[in-house]
Amino acid sequence: MTSLPLNEFVAHGADITGASNGWHEVTLGEVCTKIGSGATPRGGRDVYLEQGPYALIRSQNVHNDGFHRDGLAFIGEHHATELKGVEVFEGDVLLNITGDSVARVCQVARDVLPARVNQHVAIIRPSYDHLDAGYLRYHLVSPETQALLLSWAGSGGTRNALTKGMIESLEVPLPPLSEQQAIAHVLGTLDDKIELNRRMNETLEAMARALFKSWCVDFDPVRAKMEGRWRRGESLPGLPADLYDLFPDRLVDSYLGEIPEGWEVGVLDDTIELLSGGTPKTSLSDYWDGDIPWYTAKDAPNLSDVFVLETERTVTQAGIDNSAAKVLPMGTTVITARGTVGRLACLGVPMAMNQTCYGIRGAYGYPDLFIYWNVRTAVDELQQRTHGTIFDTITRQTFKFVDATVPPIELAKGFESTVKPLMGRILKNLHASRALAAQRDALLPQLVARTVRLRDSLSDED
């Protein structure tokens, strides 16, 4: 990871001083041309499209680390016209205003537009003569502002919510516009590095996903041997020569179709061990805010990131010792089993989880990274087999009804050793981005508090 210490920011136009001229406090209501929530098109989810001319941005797309495309919905021209009043413009700041994801903030990349937002997301459109959108976004994601918004959201009613009046009353320190732009530019250099890591992870994840599909779904290595394209002592892309003997050279019939000779037809449960979670008593402060991450559905990462490193809440060892929660080892697959079922993560560090999730580990010698990709391939069927009168639910029995082809253990281990470098690079990039984000968040309050003041204009090289 490239370090960006404070002196490098100074070299890019920063002036370390104890005072700043021209700063004053304003409310968002004074410097924004639009503050308002979106709407759901008539017909609700039934009119959503997998692809379409207009994106419909929902709360699951809005994250403090940027816009997440996972789960992005689309609508057609007719419903977009109905929602013309909640059109998203380039530069708009989006704020989640209800539910568990309340207070999360992002801006939307140009390639997501044209777009609308639903009722759980507010559009904040600055008056660009007074307030830079990038500067506003960084102010809203600062730890201090996040804490304030969360306290407001939880101050009334039974559901976390931010009102238009709350947003309009939020005070923002307002330096001259050129200085706002300089602050946003400096912090953006860190975000650019985080974005680069994200794109690298998308590529690495796609490679790992393609490898599993090739080996364990399409059976390409077997077909290559059958057709004479892979010979002993030779290597093919994704198929080192030393793995040649792991694959048979013929397919046999089964009730799932043709499968490699020597493989078995079974169920997902045949290769896994299921682990349960728990919640320490929330009334006992000694159980919370410790150094053990505690995973819930809201902590699920983007699929392209695979791993989860941080969670919104943490618990203490005392909380673990006095509840059903257990610390699961790194590499454990976690799947949400109630509510929004099927959200998947691989633990990048040891952590506990709540009771709405299952931990999944390899059994009988099957390795954990093989298990992650095997479960991920089966997620759609697991979701289809949910049941429940109030919430969709995956039970332990569900895993016994999902058909699966079961390769020999040695082949699963061969997959593990082949995919591990790709997964390791994903994890390394996530750790690097985490450090960059911490550096950005540490610098932001210094800039906003005027401990470090940027010159009114950037140097010519910027």
Side-chain angles (χ1 to χ4, degrees), residues 25-40 55-73 83 85-110 112-128 130-157 159-174 180 183-184 187-188 191 194 298-299 302 312 437 440-441 444-445 448:
E25 297 279 342
V26 296
T27 65
L28 286 185
E30 295 174 310
V31 289
C32 291
T33 61
K34 179 179 180 66
I35 296 175
S37 61
T40 296
L56 180 66
I57 297 169
R58 299 175 291 168
S59 56
Q60 58 260 54
N61 305 123
V62 179
H63 292 258
N64 287 345
D65 63 356
F67 185 83
H68 288 201
R69 287 170 169 77
D70 287 350
L72 184 62
L83 302 182
V86 293
E87 180 179 3
V88 179
F89 292 170
E90 185 176 355
D92 283 353
V93 176
L94 304 183
L95 172 67
N96 282 353
I97 56 175
T98 63
D100 292 339
S101 65
V102 70
R104 292 199 311 223
V105 181
C106 76
Q107 288 177 279
V108 180
R110 182 182 302 175
V112 178
L113 304 178
R116 308 292 190 259
V117 296
N118 77 357
Q119 70 273 21
H120 302 297
V121 181
I123 298 171
I124 305 176
R125 184 170 301 146
S127 171
Y128 295 112
H130 300 94
L131 180 60
D132 179 76
Y135 170 78
L136 172 60
R137 180 240 165 179
Y138 284 117
H139 177 71
L140 292 177
V141 300
S142 68
E144 293 81 2
T145 304
Q146 283 285 294
L148 178 61
L149 291 173
L150 287 170
S151 69
W152 285 358
S155 62
R159 188 182 189 195
N160 292 340
L162 292 168
T163 67
K164 180 178 180 181
M166 291 174 181
I167 301 169
E168 290 175 336
S169 68
L170 182 68
E171 293 186 340
V172 179
L174 198 70
Q180 296 176 45
I183 290 172
L187 297 175
D191 272 341
I194 293 171
K298 70 180 70 174
D299 300 307
N302 277 343
E312 183 175 296
R440 177 199 63 205
D441 293 343
L444 176 58
V448 174

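None of the values given here were measured: they were computed from a predicted structure. All values below come from the heavy atoms of this structure, side chains included, with hydrogens, waters and symmetry mates left out.
Between Ile183 and Asp132 there is no side-chain heavy-atom pair separated by less than 4.5 Å. Counting heavy atoms from C-beta on, the side chains of Leu131 and Leu28 come closer than 4.5 Å.
The backbone N or O of Leu94 sits nowhere less than 3.5 Å from a side-chain atom of Arg137 that would complete a donor-acceptor pair. Side-chain N or O atoms of Gln180 include one that pairs as donor or acceptor with a backbone N or O of His130 at under 3.5 Å. Judged by distance alone, with hydrogens and angles left aside, the side-chain atoms of Ser151 form a donor-acceptor pair with the main-chain N or O of Leu148 at under 3.5 Å. Here the side chain of Arg116 pairs no donor or acceptor atom with the backbone of Ile57 at under 3.5 angstrom. No donor-acceptor distance shorter than 3.5 angstrom exists from the side chain of Glu25 to the backbone of Leu174, with no hydrogens or angles considered. Judged by distance alone, with hydrogens and angles left aside, the side-chain atoms of Gln146 form a donor-acceptor pair with the main-chain N or O of Leu140 at under 3.5 Å.
Nearest heavy-atom pair, Gly134 versus Ala184, reported as atom, atom and distance to 0.1 Å: C-CB, 3.9 Å. Smallest separation of non-hydrogen atoms from Ile194 and Arg440: CD1-NH1, 3.8 Å.
Counting only N and O atoms by type, the side chains of Ser101 and Asn96 include a donor and acceptor under 3.5 Å apart. Thr40 and Gln119 form a side-chain donor-acceptor contact under 3.5 Å, judged by distance and modelled atom types alone. Of the N and O atoms on the side chains of His68 and Asn302, at least one donor lies less than 3.5 Å from an acceptor on the other residue.
Distance check, rounded to the nearest 0.5 Å: CD1 of Ile167 to CD1 of Ile97 gives 6.0 Å.
Listed by chain and number, the residues in a side chain to side chain donor-acceptor pair (under 3.5 Å) with Asp441 amount to none (sequence neighbours excluded). A search for side chain to side chain contact (heavy atoms under 4.5 Å, CB included) contacts involving Thr27 returns Glu30, Glu171, not counting sequence neighbours.
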